[in-house]
There are 2 protein chains.
Amino acid sequence: MSLRIALLGLLTAAGPSSGYDLTKLFESSINNAWQARHSQIYPELNKMAAEGLVTVEEAGPRGRKTYEITEEGSAELRAWMLDEQPARMHRSEAALRAFLLPTIEPHEAVALLREQAEVHAAKLAKLEDIRARRSENSAWRKPTFGRYALDLGIRQTRLLRDWAEETAAEIERSAGQG
Amino acid sequence: MSLRIALLGLLTAAGPSSGYDLTKLFESSINNAWQARHSQIYPELNKMAAEGLVTVEEAGPRGRKTYEITEEGSAELRAWMLDEQPARMHRSEAALRAFLLPTIEPHEAVALLREQAEVHAAKLAKLEDIRARRSENSAWRKPTFGRYALDLGIRQTRLLRDWAEETAAEIERSAGQG
DNA sequence: CAGATCATGTAAATTGTTACATGATTCT
DNA sequence: AGAATCATGTAACAATTTACATGATCTG
């Protein structure tokens, strides 16, 4: 379901797009929240077209197909947004690693965390750069699009960086004592 | 792969356990990072036993089977932990909703965010309570187990609460003007 | 014209969810 | 004895990944 919702959302945010466009949008915009390959996106778009959630226009240069969201599609997206869903699924390999940190040696954990902190710091810089340039290059119809998610992404990345740094320092401290 | 890693991690952290135990541990400990039902856990444990990553002891009261991690299983876990994996997968319906916030009316978005903030606040209280009582009831072999992940979970939950509150306020402000 | 990029698809395998199915043991 | 909990499993379906496959168009 979430893939479908993400696609409807991107079609709302960016306007009529091809599967190829959407695949790239997935990587560049919503990647922090959800991922999908073209091999999943193309069939899903066709299923959605068959169900009337989007329309297809087959006219482009290299067999390019342009999909556009329908009223029915917008209704589906809206229903999902307003629906009470107490069970929100969340999977994160980074958090899994955090849990499993005590399974390796303290000095290894410290090295790993320091490395992670650097990765997060680099990502943070990239996201902040995107935010700074937001007004120019955005493919969005409304300027608010992506804004809240970007803000959330920046905060989360900063949190991960700080957590990694502080946890590394803490492990180092306690390993030095014990 | 991640399911397998999570199971190996839990077997390391909690010692020999049954599939039933592990299913409950999934819910209570690692849930913030990964989820799995017993219908996925039981077959995976049997596959891991066949591959020599865990041993099985069929002796318990109600057909209970006890699984224990082997050297080979520990090596697999260790390899995963130390392995450089630049692509860490992350999926979150909450973040997806954040992205799609501008697809609904501002007043709806505000209501949704306020609701979410409350949910996160409640979860935060629960997690902080768990942290406060940690020393007593923990099933872990080492006291550090779950500690780092719990800390991360608390920070992330607090972040979501704050983000929801502040974003609600911001939307309210700009909707009032515009 | 060669290499990059655009553009779409399918097949097979893996992973994850929901639903069905069963029986033992403990608690009240 | 009946309800709750312990305990394990399978089957069907849905979602996701990896790999295979193809061809058009643009760029240098």
Side-chain angles (χ1 to χ4, degrees), chain A residues 1-8 10 14 16-28 30-31 33-51 54 56-67 80 85-93 96 139, chain B residues 1-8 10 14 16-28 30-31 33-51 53-54 56-67 76 80 85-93 96 139:
Chain A
M1 186 87 294
S2 292
L3 169 63
R4 177 167 290 206
I5 295 304
L7 289 169
L8 291 171
L10 286 175
S17 313
S18 68
Y20 187 84
D21 294 338
L22 291 165
T23 303
K24 303 239 291 198
L25 279 176
F26 247 101
E27 282 161 22
S28 64
I30 214 171
N31 188 262
W34 212 259
Q35 301 98 249
R37 311 292 155 87
H38 78 272
S39 59
Q40 198 186 359
I41 293 170
Y42 289 128
E44 185 67 26
L45 283 168
N46 287 328
K47 255 170 64 187
M48 286 160 75
E51 292 174 40
V54 296
V56 208
E57 200 193 324
E58 317 205 19
R62 313 170 193 75
R64 180 190 167 93
K65 293 178 173 184
T66 305
Y67 295 88
W80 187 84
Q85 258 184 269
R88 305 174 308 294
M89 94 104 207
H90 182 82
R91 280 197 170 90
S92 158
E93 287 186 358
L96 183 55
Chain B
M1 188 86 295
S2 292
L3 170 63
R4 176 168 291 208
I5 295 303
L7 289 170
L8 290 171
L10 286 175
S17 313
S18 68
Y20 187 84
D21 293 338
L22 290 164
T23 303
K24 303 238 291 200
L25 279 176
F26 248 103
E27 284 161 22
S28 65
I30 213 170
N31 189 260
W34 213 261
Q35 302 98 253
R37 310 292 155 89
H38 79 272
S39 59
Q40 199 184 0
I41 292 169
Y42 288 128
E44 185 66 24
L45 283 169
N46 288 329
K47 256 169 64 186
M48 287 160 75
E51 292 174 40
L53 304 175
V54 296
V56 208
E57 201 194 323
E58 318 206 19
R62 312 171 194 73
R64 179 188 167 95
K65 293 178 175 185
T66 305
Y67 294 88
E76 176 113 344
W80 188 85
Q85 257 183 271
R88 305 174 309 293
M89 95 104 207
H90 183 83
R91 282 198 167 91
S92 157
E93 288 185 357
L96 184 56

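Computed from a predicted structure; not experimentally measured. Sequence lines set the chain letters: A, B, ... in the order given, protein chains first and strands last, and positions in each chain run from 1.
- In this structure, A:L3 and A:F26 have side chains that are in contact, with non-hydrogen atoms separated by less than 4.5 Å.
- A:R91 comes within contact range of the sugar-phosphate backbone alone, with a heavy-atom separation under 4.0 Å but no base atom that close.
- Residue A:R37 is classed as a base contact, given a heavy-atom separation below 4.0 Å to a base.
- Distance, B:L45 CG to C:dG16 C1': 15 Å, rounded to whole Å.
- The closest side-chain heavy-atom distance from B:L22 to B:Y42 is not below 4.5 Å.
- One atom, NZ of B:K65, and another, P of C:dA24, lie 17 Å apart when rounded to the nearest Å.
- Under a 3.5 Å cut-off, the side chain of A:R4 and the backbone N or O of A:E44 do not form any donor-acceptor pair.
- Taking 4.5 Å as the limit, every side-chain heavy atom of B:E27 sits out of range of all side-chain heavy atoms of B:Q35.
- Along DNA chain D, the nucleotide nearest to B:R62 and the one nearest to A:G63 differ in position, and the one closer to the 5' end is contacted by B:R62.
- Looking at B:E93 and A:I5, their side chains never come closer than 4.5 Å, going by heavy atoms from C-beta outward.
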Contact letters for nucleotides 10-15 of chain C, in which S counts primed atoms plus P, OP1 and OP2 and B counts the base, heavy atoms under 4.0 Å: B----S
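- Residues B:M1 and B:E76 meet the side-chain proximity criterion, which asks for heavy atoms closer than 4.5 Å.
- Contact annotation: the side chain of A:L96 approaches that of B:S2 to within less than 4.5 Å [non-hydrogen atoms, C-beta and beyond].
- With a cutoff of under 4.0 Å to any heavy atom of chain A, the contacted region of DNA chain D is bounded 5' to 3' by D:dA15 to D:dC26.
- Annotation: the span from A:Y67 atom OH to A:E58 atom CD amounts to 7.0 Å, rounded to 0.5 Å.
- Map B:P61 and A:T66 each onto its nearest nucleotide of DNA chain C; the residue landing nearer the 5' end is A:T66.
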